[in-house]
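Order of appearance sets the numbers: ligands from 1, and atoms from 1 within every ligand. Position 1 is the first residue of the sequence, and the numbers go up from there.
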Amino acid sequence: MQSPFETTPGAAAIPIFFATKTTWGAIARDLPEQARRFAAANDFTGKPGKCLTLPAPDGKIAQVVFGIEDETAKSRDLFRPGALPGLLPAGVYRFANAPHDVRLATLAFALGSYRFGRYRKNETPDVRLVPPDGIDVADVARMAEAAALARDLINTPSNDMGPEELAQAAQALATRFGAQFNCIVGDELVKQNFPLIHAVGMASTRAPRLIDLSWGDPANPKVTLVGKGVCFDTGGLDIKPSSGMLIMKKDMGGAANVLALAQMVMDAKLKVRLRVLIPAVENAVAGNAFRPLDIFKSRKGLNVEIGNTDAEGRLVLADALALADEEKPDLLVDLGTLTGAARVALGPDLPPFYTDDETLAESVAAHAKQENDPLWRMPLWPPYDSWLDSKTADINNAPSGGFAGSITCALFLQRFVTDATSWLHVDIYGWTPSAKPARPEGGECQAARAIYKLLSQRYA
Ligand code: BES
Ligand code: MN
Ligand code: ZN
């Protein structure tokens with residue numbers, strides 16, 4: 001992604017005035033007479049989201065006024081300035097006064113400049129911002145670039161983003177930062193004991209694989225990220241209806257977001273030994289597909305009965321988590337687009353997270369809030385654990401009943417993590433269903449920024 005920031009010293013820039021219903025009067029008083037009249041004629045009152053360009057006598061744009069919520073409003077969208085790149089004509093701009101949170105407004109501006117341009121003329125607005133004083137522009141640019149990576153990977157349709165292409169994206173990242181890269185492909189998964197990854201991915205003509213990237217001083221604390229990389233989820237033999245299948249190209253959203261997170265960690269050179277594991281598969285339909293009530297012995301040794309072939313994400317994550325857990329990492333994080341139930345509970349923009357580590361939970365919640373990368377804790381509720389019982393094997397992947405689907409998925413994954421010091425699981429959606437400021441419709445970066453900041457604080 002091209003940086004939306006204008007860093008040429010002394011670049012001429014059009015000032016953007018942020019106004020609320022309360023502050024607009026005072027701001028207007030300081031504007032030139034003609035600008036004030038023009039705003040009045042256009043009924044500008046500082047209504048949140050309203051944008052008006054004010055003309056100079058020569059017809060050029062002299063100022064921009066943009067409405068944001070009052071300081072005391074019950075709900076303030078701190079990313080509202082992310083709408084500006086989509087509203088303003090091409091040019092260079094600067095913030096004339098402070099929005100609610102200058103750093104988040106700058107980040108929003110960068111996030112809002114993103115357009116997915118792989119398949120047609122790039123529509124990225126040529127709207128540039130002189131970064132406000134006093135913010136860490138490099139860090140903001142790092143977060144925006146990572147978000148663009150996650151969005152590009154998710155937005156790329158499955159025909160161009162299969163397990164192999166996802167592995168290539170991970171390999172490109174490894175090359176850029178001098179990380180080690182390894183990939184276990186196809187039948188080799190069986191030989192090296194990843195039965196569940198193989199079972200889910202074997203029906204596709206595009207071979208399943210386990211991507212394994214590592215970076216950093218081995219003496220540093222071990223942080224391992226695991227991302228669900230289901231490049232398309234048909235549901236398998238328990239096939240999804242067309243409405244449910246439509247956006248399943250996004251089912252590698254967990255993988256996209258752990259790659260975005262890894263990019264930020266490596267770019268910021270955090271003092272960690274980073275490992276990224278991505279089981280990359282396509283959940284396809286074919287004669288050799290895995291079936292309901294099949295039983296597979298997982299890497300962990302637990303026999304897993306298939307209650308539903310559409311609960312495939314937890315299966316591939318189970319083998320990857322088991323591998324991650326073997327080296328007892330200090331922090332094990334997994335992200336995945338695992339359940340429709342998470343969206344029913346909290347909607348598309350507020351992913352639930354799960355951990356038994358109270359300190360970690362507080363820290364996740366605090367950083368999520370601070371980065372405007374919202375996350376909400378849900379419980380690993382022990383009384384529901386028995387819902388995973390199978391009549392014939394150690395565990396079933398899809399409890400009947402269908403209650404608390406995101407929780408039972410988290411409880412399933414928990415069985416495969418026994419030795420990591422702390423474990424964090426996030427059931428993301430990875431998709432913005434309709435555009436909002438700083439969040440264009442389509443693939444979305446979720447949880448990566450909050451976790452990046454948490455890691456920055458722990459391992460600067
Ligand atoms: N990838 C889906 C989850 C999903 C669906 C996320 C729609 C976002 C939007 C996952 O593999 C899945 O199909 N989960 C099933 C689990 C069920 C069969 C136990 C679900 O949520 O219905
Ligand atoms: Mn599924
Ligand atoms: Zn899935």
Option passing side-chain hydrogen bond (donor to acceptor under 3.5 Å, both in side chains) with Thr432 (candidates Arg439, Gln446, Glu444): Glu444
Compute the angle centred on the Mn ion (ligand 2) spanning OD2 of Asp233 and OE1 of Glu312, and express it rounded to 10 degrees. 100°
So how far is it from Asn303 CG to Ile395 CD1, rounded to the nearest 0.5 Å? 11.0 Å
So among Lys222, Arg299, Lys300, which one has a salt bridge (charged side-chain N to carboxylate O under 4.0 Å, His left out) with Glu326? Arg299
For the pair Asp212 and Arg275, find out whether any cationic side-chain nitrogen is under 4.0 Å from an anionic carboxylate oxygen. yes
Under 3.5 Å between any N/O of Asp233 and any N/O of ligand 1: does that happen in this structure? yes
Is the distance between the Zn ion (ligand 3) and the nearest N/O/S atom of Lys228 smaller than 2.8 Å? yes
For Asp233, what is the atom name of its N, O or S atom nearest to the Zn ion (ligand 3)? OD2
Using a strict 4.0 Å cut-off to heavy atoms of Asp310, name the atoms of ligand 1 that fall inside it. 10 (C), 11 (O), 12 (C), 13 (O), 14 (N), 15 (C)
Counting only heavy atoms, tell me which of Cys409, Gly340, Pro399, Gly307 gets closest to atom 4 (C) of ligand 1. Gly340
Under 4.0 Å from a heavy atom of Tyr429: which atoms of ligand 1 are those, numbered in the order shown and with their elements? 8 (C), 9 (C)
Under 3.5 Å, is there a donor-acceptor pair linking the side chains of Gln414 and Asp385? no
Is there a donor-acceptor contact under 3.5 Å from the side chain of Asp238 to the main chain of Thr309? yes
Could you confirm whether Asp251 has any N/O/S atom lying under 2.8 Å from the Mn ion (ligand 2)? no
Should we say atom CH2 of Trp387 is surrounded by more than 12 heavy atoms from elsewhere, each under 6.0 Å from it? yes
Short N/O/S contact of Glu312 with the Zn ion (ligand 3) (below 2.8 Å): yes
Just go through Met252, Lys250, Lys240, Glu312 and tell me whose heavy atom is the nearest to atom 11 (O) of ligand 1. Glu312
Stepwise salt bridge (charged side-chain N to carboxylate O under 4.0 Å, His left out) check, Asp310 with Lys240: CA-CA 8 Å; Asp310 198 11; Lys240 288 182 183 293; 2.9 Å; yes
re atom 5 (C) of ligand 1, the protein heavy-atom contact at minimum distance is Met248 CE, 3.6 Å
Please say which of Lys228, His425, Arg314 ends up in a side-chain hydrogen bond (donor to acceptor under 3.5 Å, both in side chains) with Asp334. His425
Classify the contact between Asn308 and ligand 1 as side chain, backbone, both or neither, using a heavy-atom distance cut-off of under 4.0 Å. side chain
protein heavy-atom neighbour closest to atom 10 (C) of ligand 1 works out as Leu338 O, 3.2 Å
Using a 4.0 Å cutoff against the non-hydrogen atoms of Lys228, which atoms of ligand 1 qualify? 1 (N), 10 (C), 11 (O)
Checking side-chain polar atoms at under 3.5 Å, does Ser390 have a donor or acceptor matched by the opposite partner on Asn396? no
Which residue owns the protein heavy atom closest to atom 1 (N) of ligand 1, what's the atom, and how far is it? Asp251 OD1, 2.8 Å
Under a 4.0 Å heavy-atom limit, does Arg314 contact ligand 1 with its side chain, its backbone, both, or neither? side chain
Return the name of the atom in Asp251, of element N, O or S, nearest to the Zn ion (ligand 3). OD2
Compute both the distance and the angle, then confirm whether Lys250 meets the cation-pi test with Tyr429: under 6.0 Å from the six-membered ring centre, within 45 degrees of the axis. yes
